[in-house]
> 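First the structure, then my questions, so here it is.
Lettering of chains follows the sequences in order, A, B, ..., and the numbering in each one begins at 1.
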Amino acid sequence: MAESAFQAPKGTRDFYPEDAARRRFITEAWRSASVRHGFEEVDGPIFEHLDLYTVKSGEGIVSELFSFTRAGGEKDYALRPEFTPTLARLFAARAGSLPKPTRWFMAGPFFRAEKPQRGRLREFLQWNADILGDASPAADAEIIATCVSLLASLGLTSRDVRVKVNHRAALGAWLSSRGLAAERQPELFKLLDARGKMPPQEFASRIGAFGFSAEQAEVFLRGIVRITVPAGVDPRTHEVDPLRPPAVDPSVRDVLDLTYFSDAVMPLARELVAAGIIDWVDFDLSIVRGLAYYTGMVFEVHEAAGAERAIAGGGRYDNLVELFGGPSTPAVGFGMGDVVLGLVLEDRGLMPKAGDLFRRIGAAPDVFVIPGPNPAADALVKPVVARLRAAGLHARHTSKTTRNIGKLLKEAVDQSARFALILESDSTAAVKDLTSGAQSPVVPLADAIARLTGRE
RNA sequence: GUGGCCAUAGCUCAGUUGGUUAGAGCACGAGGUUGUGAUCCUCGGGGUCGCGGGUUCGAGUCCCGUUGGCCACCCCA
């Protein structure tokens with residue numbers, strides 16, 4: 001703020017080196033998890049025709065978008081607020097020649113014209129992974145497993161975060177069986193979604209209007225049917241009896257008929273057990289999400305104590321590709337933003353600090369070349385650095401004038417270099433391992449370089 | 001979009017009922033001592049106090065507006 005009156009636009013971020021490194025740390029983890037699970041990377045334009053978004057969401061969406069008309073142009077455009085329409089467009093255009101199922105991921109910037117708050121900005125990065133052309137519960141589970149794989153790769157555990165899973169069709173069928181007309185269900189979903197924002201008495205009274213008792217309201221408030229694997233049981237071989245959901249809280253059964261729910265969810269639960277991630281999952285009747293187009297399984301990932309906003313969310317959307325002009329195609333996927341994920345990692349102390357961070361993203365120097373006090377060493381610094389770089393190493397040298405060994409070693413450490421190469425004369429050097437502190441004896445320069453460039 | 005709280009150095013903050021040239025610690029830069037990441041010493045850069053206006057002899061301080069941040073509501077694809 002010193003020299004300029006300009007501020008970054010509301011809800012945007014500036015990325016100084018350590019910020020950019022944190023961003024890369026996250027995006028590289030996204031990429032790795034995607035590739036590990038067999039997804040291929042795609043992308044589309046960062047702005048699309050405005051119509052692409054109003055088709056699905058109506059004109060009301062426009063106030064949430066950054067939209068514009070080119071000076072002198074006619075068409076309306078919008079910065080992309082989500083990827084699903086673009087994904088559907090890409091898929092529809094080549095549906096005939098794509099493999100089934102098609103597994104795609106992308107990660108990039110998105111824009112929403114909302115009022116910024118903690119965890120919610122106007123420009124953010126989002127990771128999307130989708131499976132198109134596979135209607136099976138196995139695909140549902142694979143999507144969740146990919147998400148869990150990412151979380152685990154960053155050091156999060158099933159005690160830090162919970163995957164809340166629900167099934168829209170199952171919940172709808174159950175509600176219909178209790179006589180709640182389909183038209184009134186979205187109303188109930190909205191109430192369920194807002195349950196945490198009102199006193200319990202108010203919730204009980206409002207849910208009473210839908211024909212639920214106070215005891216049932218209590219169950220909705222707790223909201224959770226948890227399926228866990230008992231300690232000592234190998235989740236890969238653990239059998240789940242579809243007729244008897246394991247470890248369901250008995251008090252829940254007393255007041256809710258979960259038959260519809262479990263019929264729809266048990267095949268998925270079995271897949272989650274097979275994938276070894278059932279411990280991460282709670283089945284939660286109140287998770288509703290974008291009622292607009294989800295048709296089956298829906299899920300959200302939350303910090304276990306409920307801190308922060310949702311880390312990720314997704315579900316099955318079997319009608320959407322068709323809505324965008326493609327062939328009828330079952331699909332399931334999810335999105336995860338970088339903002340909340342970053343906050344949770346910071347909260348848990350899992351975001352690496354400077355030196356480690358640069359090392360983790362491959363931006364730390366392999367070797368820092370230090371001239372000793374011998375004047376002959378000075379002239380050697382640049383040729384040696386050039387030679388190390390030609391061999392593919394990340395090599396740096398000081399730009400300071402001091403030849404104080406201690407200060408130069410400190411500079412090497414500050415820059416998180418792995419090794420220091422100390423030039424002793426025009427033909428000799430020592431290699432110091434800056435991680436262990438071990439230093440080699442003074443050897444011929446060629447030997448020292450060979451040690452640094454040789455295979456590990 | 002509505003409302004509340006906040007804004008002084010890169011960071012954390014101090015700054016008296018309105019009064020000289022706005023300070024500290026850390027961080028950063030240059031150099032010195034000790035041939036090894038430390039310690040120590042010297043020096044230095046950096047602020048039109050978010051921005052604009054008003055009141056006043058005089059505003060970092062009081063008033064209004066504005067921008068941005070945080071929080072709640074709305075929304076959350």
> Examine the side chains of A:Arg36 and A:Ser149 and answer whether a donor and an acceptor come within less than 3.5 Å of each other.
yes
> Can you run down the salt bridge (charged side-chain N to carboxylate O under 4.0 Å, His left out) pairs that involve residues 427-444 of chain A, sequence neighbours left out, and say none if there aren't any?
A:Arg418-A:Asp433
> Rounded to whole Å, how long is the line connecting atom CD of A:Glu18 with atom C1' of B:C28?
15 Å
> Indicate every side-chain donor-acceptor pair of residues 374-388 of chain A with a distance under 3.5 Å to a residue at least two apart or in another chain.
| from | atom 1 | to | atom 2 | distance (Å) |
| --- | --- | --- | --- | --- |
| A:Asn374 | OD1 | A:Ala376 | N | 2.8 |
| A:Asp378 | OD1 | A:Arg403 | NE | 2.8 |
| A:Asp378 | OD2 | A:Arg403 | NH2 | 3.4 |

> What nucleotide, of B:G3, B:C73, B:A77, holds the atom closest to the side chain of A:Gln117?
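Nearest listed nucleotide: B:C73.
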> Can a donor-acceptor pair under 3.5 Å be found between the side-chain atoms of A:Arg118 and the base atoms of B:C71?
no
> Rounded to whole Å, please give me the gap between CZ in A:Phe83 and P in B:C76.
22 Å
> Would you call A:Lys407 and A:Glu411 a salt bridge, using N to O less than 4.0 angstrom?
no
> Using atom C1' in both nucleotides, what's the gap between B:G60 and B:G19 to the nearest angstrom?
13 Å
> Could you give the CZ-to-C1' distance, from A:Arg120 to B:C73, as a whole number of Å?
11 Å
> Report the residues that fulfil ring pair (Phe, Tyr, Trp, His ring centres under 6.0 Å) with A:Tyr77, sequence neighbours left out, ordered by chain and then residue number.
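Only A:Phe47, A:His49, A:Phe68 meet the ring pair (Phe, Tyr, Trp, His ring centres under 6.0 Å) criterion with A:Tyr77.
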> On a whole-Å scale, what distance lies between the P atoms belonging to B:C28 and B:U39?
11 Å
> Distances under 3.5 Å between protein N/O atoms and the N/O atoms of nucleotides 66-68 of chain B, please, pair by pair.
| from | atom 1 | to | atom 2 | distance (Å) |
| --- | --- | --- | --- | --- |
| B:U67 | O2' | A:Gln7 | OE1 | 2.6 |
| B:G68 | O4' | A:Gln7 | OE1 | 3.2 |

> Taking the same atom, C1', in B:G58 and in B:U20, what whole-Å distance lies between them?
11 Å
> Expressed in whole Å, how much space separates the P atoms belonging to B:A24 and B:U66?
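The same atom, P, in both gives a distance of 37 Å.
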> Closest nucleotide of RNA chain B for A:Lys400 versus for A:Leu121: which of these residues is on the 5' side?
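It is A:Lys400 whose nearest nucleotide is closer to the 5' end.
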> Write down the distance separating the C1' atoms in B:U55 and B:A14, rounded off to the nearest Å.
27 Å
> If I take atom CD in residue A:Glu411 and atom C1' in nucleotide B:U36, what distance separates them, rounded to the nearest angstrom?
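After rounding, the reported distance stands at 15 Å.
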> In whole Å, what separates the C1' atom of B:G3 from that of B:G25?
38 Å
> Does atom CD of A:Glu40 have more than 12 heavy-atom neighbours, drawn from other residues, nucleotides or ligands, at distances under 6.0 Å?
no
> For residues 438-449 of chain A, run the donor-acceptor check on the side chains, cut-off 3.5 Å, and write out each pair with its distance to 0.1 Å, sequence neighbours left out.
| from | atom 1 | to | atom 2 | distance (Å) |
| --- | --- | --- | --- | --- |
| A:Ser440 | OG | A:Val431 | N | 2.9 |

> Please figure out whether A:Pro373 or A:Thr402 has its closest RNA chain B nucleotide nearer the 5' end.
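Of the two residues, A:Thr402 wins.
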> In whole Å, what separates the C1' atom of B:C62 from that of B:U56?
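B:C62 and B:U56 have their C1' atoms separated by 10 Å.
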> Taking ring pair (Phe, Tyr, Trp, His ring centres under 6.0 Å) as the cut-off, I'd like each qualifying pair that reaches into residues 392-449 of chain A, sequence neighbours left out, listed once.
none
> Rounded to whole angstrom, note down the P distance from B:A9 over to B:C49.
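After rounding to an integer number of Å, I get 10 Å for this pair.
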> Which ones in residues 430-448 of chain A lie close to RNA chain B, meaning a heavy atom under 4.0 Å from one of its atoms?
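The stretch gives A:Lys432, A:Asp433, A:Leu434, A:Gly437, A:Gln439 as the residues lying under 4.0 Å from the strand, ordered by number.
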> Can you list every salt bridge (charged side-chain N to carboxylate O under 4.0 Å, His left out) pair that touches residues 105-116 of chain A, not counting sequence neighbours?
A:Glu114-A:Arg120
> List in chain and number order the residues that pass side-chain hydrogen bond (donor to acceptor under 3.5 Å, both in side chains) with A:Arg316, two or more places apart in sequence or in another chain; answer none if no residue qualifies.
A:Asp140, A:Asp318
> My understanding is that only residues two or more places apart in sequence, or in another chain, count here; which of them pass side-chain hydrogen bond (donor to acceptor under 3.5 Å, both in side chains) with A:Glu346?
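A:Glu346 satisfies side-chain hydrogen bond (donor to acceptor under 3.5 Å, both in side chains) with no residue once adjacent residues are dropped.
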> Can you tell me which stems involve RNA chain B, if a stem is defined as three or more consecutive Watson-Crick or G-U wobble pairs, both distances under 3.5 Å?
B:1-7 with B:67-73, B:10-13 with B:23-26, B:28-32 with B:40-44, B:50-54 with B:62-66
> Looking at A:Lys407, I'd like to know whether one of its side-chain N or O atoms comes within less than 4.0 Å of OP1 or OP2 on B:G37.
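Indeed not, no polar side-chain atom of A:Lys407 lies that close.
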> Roughly, in whole Å, what's the span from CZ in A:Arg112 to P in B:G1?
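Whole-Å distance recorded here is 17 Å.
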> Between A:His302 (NE2) and B:C76 (P), how many Å, whole number?
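Computing the A:His302:NE2 to B:C76:P distance gives 14 Å.
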> Would you kindly give the CD1-to-C1' distance between A:Ile287 and B:C76, to the nearest whole Å?
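Answer to the nearest Å: 13 Å.
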> Between A:Arg168 (CZ) and B:A77 (P), how many Å, whole number?
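One finds 13 Å between P of B:A77 and CZ of A:Arg168, rounded.
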> According to the salt bridge (charged side-chain N to carboxylate O under 4.0 Å, His left out) rule, which pairs have a member within residues 364-376 of chain A, sequence neighbours left out?
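Qualifying pairs, neighbours excluded: none.
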> Are A:Asp356 and A:Lys353 close enough for a salt bridge, meaning some N to O gap below 4.0 Å?
no
> Counting the atoms with a prime plus P, OP1 and OP2 as sugar-phosphate, which does A:Gln126 contact under 4.0 Å by heavy atoms, base, sugar-phosphate, or nothing?
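The answer is nothing, as A:Gln126 stays clear of every strand by at least 4.0 Å.
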> Would you indicate which nucleotide in B:U36, B:A77, B:G1 comes nearest to any side-chain atom of A:Lys115?
B:G1
> Looking only at the side chain of A:Lys410 (C-beta and beyond, no hydrogens), which of the listed nucleotides B:A77, B:A38, B:G1 gets closest?
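Of all the options, the side chain of A:Lys410 is nearest to B:A38.
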> Would you find a donor on one side and an acceptor on the other, under 3.5 Å apart, between the side chain of A:Arg309 and the backbone of A:Gly119?
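Checked: no pair found.
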> Using a 4.0 Å heavy-atom cut-off, does A:Leu408 contact any base of the nucleic acid, only the sugar-phosphate backbone, or nothing at all?
nothing
> A:Ile405 has a side chain; which of B:G35, B:A72, B:A77 sits nearest to it?
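Nucleotide nearest to A:Ile405's side chain: B:G35.
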> Of the nucleotides B:G35, B:G37, B:G69, which has the atom closest to the A:Ile422 side chain?
B:G35
